[in-house]
Amino acid sequence: MSGTVLDGRRISQEIQQELRPRIEALRAKSRTPTLAVVLVGDNPASQIYVRNKIKTCQELGIRSLSATPPGSIASEELLDIIRNFNSDPEVDGILVQAPLPKQVDAEAAVLAVDPSKDADGFHPCNVGNLVANRLGPRPCTPAGIIEMLKRYAIRLAGKRAVVVGRSDIVGKPMALMLMHENATVTICHSRTENLAEECRRADLLVVAMGKPALITSNYIKPGAVVVDVGMNRITDESEARRLFSHDASRLAAFAKNGSTLVGDVEPFAMEELASAYTPVPGGVGPLTIAMLMANTVKLAEQHLCPGC
Ligand code: NDP
């Protein structure tokens with residue numbers, strides 16, 4: 001069996017196209033949606049993520065502002081930057097790119113963002129809104145996954161969903177969103193006993209662990225839908241050969257670049273056993289940016305017309 005590829009790039013484009021008229025309408029009312037991005041230090045992966053976010057803003061006509069303080073910044077200085085964006089009436093959304101350097105109080109940074117400008121949906125007020133299933137910005141990665149599953153008409157109500165990972169940014173909000181869609185949800189983590197057994201019960205398996213290809217065929221019920229959130233760069237050639245022995249183009253790309261991205265699920269197992277699955281790359285990743293744009297536009301609409 002070879003399952004349906006859940007094409008995150010296509011869905012991301014669809015979501016972005018649907019945002020265009022809303023952005024135009026806001027601009028026509030002199031409310032250009034504006035996203036402020038705080039990038040601390042020079043982490044290369046964070047720089048790439050932020051560059052992609054700013055590029056997508058530009059393509060859509062969302063204004064972006066950025067602050068790029070050095071990695072040596074003190075917590076209080078970072079909080080001042082966030083507070084300045086909070087008090088700027090033109091700023092609709094604020095995001096503080098993770099990870100932050102060790103000396104910075106990351107929790108204080110999340111708390112400092114005005115909940116009504118919380119583009120990532122990480123502020124405890126918005127976490128509470130999610131728990132209560134009230135309106136509010138939602139964390140982008142799990143929100144994108146729900147959007148994609150709906151657009152592929154994958155039924156969630158009554159299904160047994162297993163989420164592996166309980167981080168604040170992916171696993172936990174994912175589980176809550178699936179529960180609100182009436183799935184029966186199990187959350188697994190590093191202390192779960194018999195992880196394979198738990199996963200094999202899943203009609204929908206969402207994996208967000210950050211452990212390259214840990215989920216093998218033994219963890220997947222044939223016909224399950226598998227969403228692989230993991231993004232791990234591997235540089236070991238024998239590992240690449242083992243994981244992509246069936247994919248000559250991927251091996252050629254590895255030979256050229258010396259590395260490749262792999263998810264948390266073994267690609268061959270997912271392709272063979274799942275009825276539908278997200279590839280890595282090209283699955284979940286593109287959805288995250290689309291939902292960040294969607295959150296920013298929604299916040300701008302609310303700032304233009306509070307209570308609408
Ligand atoms: P975290 O490291 O914050 O959380 C990982 C979770 O996985 C933890 O809950 C941990 O359990 C659990 N875990 C780790 N090892 C095991 C194991 N052996 N068995 C069971 N559970 C385990 O990661 P994130 O949630 O931030 O990210 C997860 C992955 O998703 C990463 O690869 C990241 O790069 C990727 N990601 C991709 C995004 C995208 O846009 N595509 C966006 C965000 C993340 P415990 O709590 O017990 O420690």
Side-chain angles (χ1 to χ4, degrees), residues 6-9 11-12 15-16 43-53 55-56 95-100 106-107 110 119-122 127 130 138-149 161-178 185-202 205-216 218-220 226-235 239 243 259-267 270 277-295:
L6 301 173
D7 184 348
R9 290 196 182 105
I11 301 295
S12 173
I15 295 168
Q16 290 180 45
N43 176 321
S46 296
Q47 285 173 332
I48 294 171
Y49 292 144
V50 165
R51 204 180 309 140
N52 286 338
K53 289 168 184 175
K55 185 168 153 259
T56 310
L95 96 81
V96 183
Q97 183 65 44
L100 291 170
E107 196 184 340
V110 170
D120 267 333
F122 294 162
V127 176
L130 168 58
R138 300 290 195 242
C140 300
T141 302
I145 291 169
I146 295 284
E147 191 63 38
M148 179 183 63
L149 294 172
V162 173
V163 179
V164 187
R166 56 176 167 181
S167 70
D168 291 339
I169 64 168
V170 189
K172 227 180 273 174
M174 182 80 260
L176 286 161
M177 286 179 207
L178 288 168
V185 183
T186 301
I187 305 172
C188 299
H189 44 76
S190 66
R191 307 287 289 274
T192 296
E193 290 180 4
N194 297 324
L195 181 63
E197 204 176 291
E198 296 293 343
C199 291
R200 271 200 311 271
R201 292 203 190 100
L205 178 62
V206 182
V207 189
M209 283 191 296
K211 302 285 174 204
L214 186 142
I215 300 293
T216 57
N218 191 33
Y219 293 64
I220 302 172
V226 180
V227 175
D228 187 356
V229 185
M231 285 214 292
N232 313 288
R233 186 159 291 284
I234 57 164
T235 51
E239 184 66 351
L243 294 174
S259 72
T260 192
L261 275 184
V262 63
D264 290 344
V265 185
E266 205 174 57
M270 188 157 67
Y277 66 94
T278 56
V280 177
V284 174
L287 301 168
T288 302
I289 290 195
M291 296 315 285
L292 175 67
M293 301 298 123
N295 276 354

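All residue numbers refer to positions in the sequence shown, counting from 1. In listed order, ligands and their atoms are each counted from 1.
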Where ligand 1 meets [X] - atom numbers and elements under 4.0 angstrom, heavy-atom basis:
X: N232; value: 32 (O)
X: K211; value: 14 (C), 15 (N)
X: G285; value: 40 (O), 41 (N)
X: V170; value: 25 (O), 43 (C), 44 (C)
X: I169; value: 26 (O)
X: L195; value: 19 (N), 20 (C)
X: T141; value: 40 (O), 42 (C)
X: G210; value: 28 (C), 29 (C), 31 (C), 32 (O)

Nearest protein heavy-atom contact for [atom]: which residue, which atom, what distance?
atom: atom 12 (C) of ligand 1; answer: G165 CA, 4.0 Å
atom: atom 4 (O) of ligand 1; answer: S167 CB, 3.8 Å
atom: atom 34 (O) of ligand 1; answer: M231 O, 3.5 Å
atom: atom 21 (N) of ligand 1; answer: H189 C, 3.1 Å
atom: atom 40 (O) of ligand 1; answer: T288 OG1, 2.8 Å
atom: atom 37 (C) of ligand 1; answer: V229 O, 3.2 Å
atom: atom 7 (O) of ligand 1; answer: M209 CA, 3.4 Å
atom: atom 9 (O) of ligand 1; answer: R166 N, 2.8 Å

* Taking only residues two or more places apart in sequence or in another chain, which ones pass salt bridge (charged side-chain N to carboxylate O under 4.0 Å, His left out) with R201? ->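 Salt bridge (charged side-chain N to carboxylate O under 4.0 Å, His left out) list for R201, sorted by chain: E197, E198.
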* **Test item: V227 and V284 side chains (from C-beta on) under 4.5 Å apart, heavy atoms** => yes
* **Close side-chain approach of V226 and V265, heavy atoms under 4.5 Å** => yes
* First locate atom OG of S190, then atom CG of L195, and finally report the distance between them rounded to the nearest 0.5 Å. => 10.0 Å
* To do: Pick one of side chain, backbone, both or neither for how T192 approaches ligand 1, counting any non-hydrogen atom pair under 4.0 Å.
  => neither
[X] side chain vs [Y] backbone, donor-acceptor pair below 3.5 Å:
X: D264; Y: K211; value: yes
X: R138; Y: G121; value: no
X: N295; Y: A119; value: yes
X: D7; Y: R9; value: yes
X: S12; Y: P286; value: yes
X: S167; Y: V170; value: yes
X: N232; Y: V262; value: yes

* With respect to atom 6 (C) of ligand 1, which of G144, G171, A208 exhibits the smallest heavy-atom separation? -> A208
* Scan the protein's non-hydrogen atoms and note whether one is under 4.0 Å from atom 27 (O) of ligand 1. =>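 No, because not a single protein heavy atom sits under 4.0 Å from atom 27 (O) of ligand 1.
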* To do: Please test D228 against Y277 for side chain to side chain contact (heavy atoms under 4.5 Å, CB included), starting from the C-alpha separation and ending with a verdict.
  => CA-CA 8 Å; D228 187 356; Y277 66 94; over 6 Å; no
* Asked: Purely on distance, is any nitrogen or oxygen of S190 under 3.5 Å from one on ligand 1?
  -> yes
